[in-house]
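Counting convention: from 1, in listed order, for ligands and their atoms alike. Residue numbers count from 1 along this sequence.
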Amino acid sequence: MDQHATDLLTDWSALRSGVPPLWARYTDLVVERASGAWIETVDGDRYLDYTSGIGVTNTGHAHPRVVAAVAEQAARGLHLQQNIVYHQPGLELHRRLPQRFPNADPHTPYGLFLSNSGAEAIEAAVKLAKVATRRPVVVAFRGGFHGRTHGAMALTSSNVKYRAHFEPLMGGVHFVPYPYPLRMGGDDAALAATMAAIDELFATLAAPDEVATFLVEPVLGEGGYVVPPAGFLPALRVVADRHGILLAVDEVQSGFARTGRFFAIEWTDATPDIVIMAKGIASGLPLSGILASRSLLERLAPGSHGGTYGGNAVACAAAIATLDVIDDEGLAERAQRLGDRLLDGLRRVVEGHASVAEVRGRGMMAAIELADVGSLAPRPDLAKGVLAEALARKLLLLTCGTHGQVVRIIPPLVTSEDEVDLGVEAIGAALDAIGA
Ligand SMILES: Cc1ncc(COP(=O)(O)O)c(C=O)c1O
């Protein structure tokens with residue numbers, strides 16, 4: 001390599017400036033390699049990655065079994081297009097993933113449609129709901145995030161930046177509040193307010209027999225890592241059944257053992273009609289999909305949805321290895337156990353920090369909401385401060401919440417007890433440093 005090329009490759013700040021600002025950034029780190037819960041930079045620094053690449057690397061970075069499966073399939077064919085041939089990892093995944101349908105009816109055969117990104121799977125779910133019910137309306141929840149494609153952003157309300165200046169958006173979308181116990185007077189009041197808002201919607205703006213589907217996150221993700229009251233999804237199921245509405249659950253962030261169950265809706269007994277998956281499905285390779293009963297899935301006519309890359313062979317091989325790792329390493333049980341340890345630790349280190357309005361979470365989906373005492377006015381400045389101080393302590397975290405007022409903690413599920421404690425101590429020190 002000539003000197004110019006070497007200089008160019010090592011002038012990271014010049015190279016970084018070539019990436020458009022559209023990619024809102026958390027850090028300027030340039031990665032040399034990543035494995036398990038750790039990222040190593042080109043400068044030789046090691047960071048504990050409690051972002052999991054926004055909830056993707058549930059099996060950790062570069063799990064050896066996933067890497068081996070990827071390498072093996074890559075050598076046998078990278079792109080074996082779905083409309084043209086069947087490939088073995090795809091066939092295997094179509095057999096195995098429907099067996100994971102949450103709270104499944106034992107007499108119902110389930111099926112799978114594969115695509116590439118979370119947003120793309122949302123599009124599939126909404127198109128399926130509309131075509132199957134022949135109804136035009138989708139009811140989504142305030143604070144929800146479902147992606148940035150034209151249809152998905154119309155269903156997203158976690159922050160106006162996802163919608164601003166892109167109007168007109170897809171029509172036929174109505175929003176009701178997501179039950180947010182901290183900000184709606186506790187579990188019972190939050191649930192009652194949400195269900196009343198649905199009644200009000202049906203009485204004023206959208207006739208229930210025009211509604212194709214509810215679209216809901218079982219744990220609110222980008223909107224603030226809000227765990228809804230236990231009765232929420234079952235109550236939604238009842239309303240859906242009453243009016244012939246489908247229930248589509250967006251498990252893009254909460255699925256694949258993240259919350260201590262394979263899918264987060266399994267914390268309830270509600271059976272969804274459509275399950276939307278991405279992120280953790282293939283440990284980092286681009287893959288997404290929806291699960292639904294075969295009879296429902298078959299309502300999408302051949303060719304009416306799809307794409308060149310959907311169900312890529314290498315991504316499917318990664319997904320199969322991911323399922324094996326989740327099972328063989330007991331990652332759902334581990335997420336629950338380590339999640340409890342994480343939440344206990346966080347509750348301990350936030351003691352005395354008046355601006356911590358709540359520590360909450362389910363499994364390894366944990367959060368600290370920062371707000372003014374009494375008024376609960378969101379404090380994104382404090383959340384940002386925690387992230388900066390954590391970064392200085394070599395811990396990577398994210399924020400979430402409409403105002404960015406929530407510190408979001410998403411460790412890989414293969415992380416160790418010691419690493420959880422390390423993370424908790426760093427967060428405690430970060431809170432001390434900003435005087436929250
Ligand atoms: C719950 C949820 N749904 C959908 C999406 C969109 O997924 P993608 O970014 O892969 O399009 C995300 C991404 O963060 C998400 O968290």
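When non-hydrogen atoms are compared, ligand 1 lies under 4.0 Å from neither the backbone nor the side chain of R148. Under 4.0 Å from ligand 1, heavy atoms of A119 appear from its side chain as well as its backbone.
In terms of polar-atom proximity, defined here as any N/O pair under 3.5 Å, G147 makes no such contact with ligand 1. By the 3.5 Å distance cut-off applied to N or O atoms, Q253 is counted among the residues near ligand 1. Polar contact with ligand 1: absent for V252 (N/O pair, distance under 3.5 Å).
With ligand atoms numbered from 1 in the order given, ligand 1 contributes 10 (O), 11 (O) to contacts under 4.0 Å with heavy atoms of S117.
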Next item on the list: Could you walk me through whether H63 and E329 pass side-chain hydrogen bond (donor to acceptor under 3.5 Å, both in side chains), step by step?
Entry: CA-CA 12 Å; H63 193 291; E329 298 187 18; 2.7 Å; yes
**Q.** salt bridge (charged side-chain N to carboxylate O under 4.0 Å, His left out) evaluation trace for D269 with R237
**A.** CA-CA 10 Å; D269 61 3; R237 178 74 271 174; over 6 Å; no
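The protein heavy atom nearest to atom 14 (O) of ligand 1 is K279 NZ, 3.0 Å. For atom 7 (O) of ligand 1, the closest non-hydrogen atom of the protein is G118 CA, 3.2 Å. For atom 3 (N) of ligand 1, the nearest protein heavy atom (residue, atom name, distance) is D250 OD2, 2.6 Å.
At a threshold of 4.5 Å between non-hydrogen side-chain atoms, the residues L331 and F256 do not count as touching.
Salt bridge absent: D49 and K394 never bring a charged side-chain N and a carboxylate O closer than 4.0 Å. Electrostatic pairing of E210 and R135 does not count as a salt bridge here, judged by no charged N lying under 4.0 Å from a carboxylate O.
For E120, the heavy-atom gap to ligand 1 stays at 4.0 angstrom or more. Contact analysis leaves I54 out of contact with ligand 1, as no non-hydrogen atom separation drops below 4.0 angstrom.
Protein non-hydrogen atoms do not reach within 4.0 Å of atom 9 (O) of ligand 1.
Classified by interplanar angle (parallel below 30°, tilted 30° to 60°, perpendicular above 60°), the ring pair F101/Y110 is parallel. Relative orientation of the Y162 and F145 rings is perpendicular, given thresholds of 30° and 60° on the angle between their planes.
S355 and L382 get closest at one heavy-atom pair: CB-CD1, 3.4 Å.
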